[in-house]
Every structure is written in C-alpha cells, then in structure tokens.
Amino acid sequence: MTTFRTRFPHLITAVLLLLGLMTAASAQAQATPQRLTAGTTICSNSPIPAGWVVTGSYRNNGCAGAGYIYTILDTSNLTKVTVCSNSPIPTNWVITGSYTTSTCEGFGYAYTLAKITTQTTTTVCSFSPLPAGWVVTGSFNTGTCAGSNIAYTIRKL
C-alpha cells in the first residue's frame with residue numbers, strides 16, 4: 001500500500017512541472033508582438049513604427065511613465081494625412097500646412113502632410129523636411145503655416 005509520504009515527492013515534481021509550463025506559455029504570449037491596425041493607440045514612450053504617424057494625443061495615466069496615449073496610423077495607402085506636430089514625418093512626405101488644435105494635447109499644432117512621389121514641384125512650410133533630390137526655388141509669406149508663416153516652393157532635381 002502506497003502512503004502519502006511516498007507519493008509526496010512525485011506530487012511536488014508534477015506541480016513544479018506544471019508551473020514551469022505555465023510560465024513558459026505566459027512568456028511566449030508576452031513576446032508576441034501586438035498587431036497594429038488603423039487607429040491603433042500606443043503609449044507615448046513606445047516606438048512609432050516606420051511609415052506610421054501620430055494623429056492624436058491625449059493625457060492618460062494608463063501608461064506608466066508616459067503620460068500620453070497616441071493614436072497612430074499607417075501611411076502606406078495614403079497620399080495626404082493630418083498629424084500631430086510631434087509625429088515622425090515618413091520618407092517622401094512634406095508638411096504643406098499647420099494649425100493649432102486640441103486633438104494633439106501637449107503639442108498644440110497639427111500638420112497637413114502630403115506624399116510627393118509623383119510631383120515635380122510643390123509648396124511646403126519652411127519647417128518641412130526636404131526629401132532627397134529636392135531644392136528650394138522660392139519663398140513667400142503665408143497664413144497656412146502657423147508657427148512660421150513662411151512657405152517654400154520646392155522642385156525635384
């Protein structure tokens with residue numbers, strides 16, 4: 001007849017194995033990256049994926065140490081988009097306008113961006129990044145670029 005004393009070590013081994021499997025499954029689930037979809041929200045201390053932009057910002061205590069939640073959007077199928085002034089500007093995109101907004105809490109300005117893959121000339125705000133191969137051909141005062149009120153005419157070489 002088997003007693004509890006003889007089965008106890010086997011019981012402990014089984015429990016420890018079970019706990020090990022649960023820990024491994026939990027670690028694998030945490031390592032799986034979150035699938036991003038349109039209108040995804042992230043903590044402001046998270047990296048913004050390449051080609052994505054910040055379209056909204058609001059205070060939130062749900063992200064420890066961050067203070068803000070960002071709404072982000074993939075630009076791969078877009079030609080124009082409005083973003084917060086703290087947003088990364090994707091390659092081959094320029095700032096064509098800016099204005100004050102409450103949609104971008106903590107930053108105050110929004111930018112209108114345009115993708116310039118088919119144009120040979122366009123107008124941008126003076127603080128817009130210039131894509132490689134583009135040069136400034138003129139400048140003028142404008143009311144569409146809040147913050148500087150100066151725009152550039154640029155041309156592709």
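- The salt bridge (Lys or Arg N to Asp or Glu O under 4.0 Å) analysis of residues 142-151, with sequence neighbours excluded, yields no pairs.
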| request: Could you walk me through whether Leu113 and Val83 pass the side chain to side chain contact (heavy atoms under 4.5 Å, CB included) test, one step at a time? | output: CA-CA 7 Å; Leu113 302 183; Val83 303; 3.8 Å; yes
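- Scored by the side-chain contact (heavy atoms from CB on, under 4.5 Å) test, Thr142 finds Phe140, Thr144, Cys145, Ala151 as partners (sequence neighbours excluded).
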| field | Check against side chain to side chain contact (heavy atoms under 4.5 Å, CB included), Thr71 and Thr40 | value | CA-CA 6 Å; Thr71 303; Thr40 295; over 6 Å; no
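- Val135 belongs to a hydrophobic cluster with Leu157, counting contacts under 4.5 Å between side-chain heavy atoms of Ile, Leu, Val, Met, Phe, Trp and Tyr, direct or through other members.
- Checked against ring-ring contact (aromatic ring centres under 6.0 Å, His included), Tyr70 has no partners two or more places apart in sequence or in another chain.
- Expressed to the nearest 0.5 Å, how far CD1 of Ile72 lies from OG of Ser87 amounts to 9.5 Å.
- Listed by first and then second residue, the salt bridge (Lys or Arg N to Asp or Glu O under 4.0 Å) pairs that reach into residues 111-122 come to none, sequence neighbours excluded.
- There is a path of hydrophobic side-chain contacts, each under 4.5 Å, that joins Val81 to Ile95.
- In this structure, SG on Cys63 lies 9.0 Å from CD1 on Ile42, to the nearest 0.5 angstrom.
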Listing, residues 100-111 side-chain donor-acceptor contacts under 3.5 Å, not counting sequence neighbours, or none:
from	atom 1	to	atom 2	distance (Å)
Thr101	OG1	Thr103	N	3.0
Thr101	OG1	Thr103	OG1	3.2
Glu105	OE1	Arg59	N	3.3

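- With sequence neighbours excluded, the residues that form a side-chain contact (heavy atoms from CB on, under 4.5 Å) with Asn45 are Cys43, Ala66.
- The distance from atom OG1 of Thr112 to atom CH2 of Trp93, rounded to the nearest 0.5 Å, is 11.0 Å.
- Within the structure, side chain to side chain donor-acceptor pair (under 3.5 Å) pairs that include any residue of residues 116-127 comprise Ser126-Ser148 (at least two apart or interchain).
- Tyr152 belongs to a hydrophobic cluster whose remaining members, ordered by chain and number, are Val94, Ile116, Val124, Leu130, Trp134, Val136, Ile150, Ile154; membership requires side-chain heavy atoms of ILVMFWY residues under 4.5 Å apart, directly or through intermediates.
- Each salt bridge (Lys or Arg N to Asp or Glu O under 4.0 Å) pair with one or both residues in residues 80-98, not counting sequence neighbours, would appear here, but there are none.
- The stretch residues 139-157 participates, sequence neighbours left out, in no salt bridge (Lys or Arg N to Asp or Glu O under 4.0 Å) pair at all.
- Taking Ile, Leu, Val, Met, Phe, Trp and Tyr as hydrophobic and joining them when side-chain heavy atoms fall under 4.5 Å apart, one finds Tyr58 in a cluster with Ile69.
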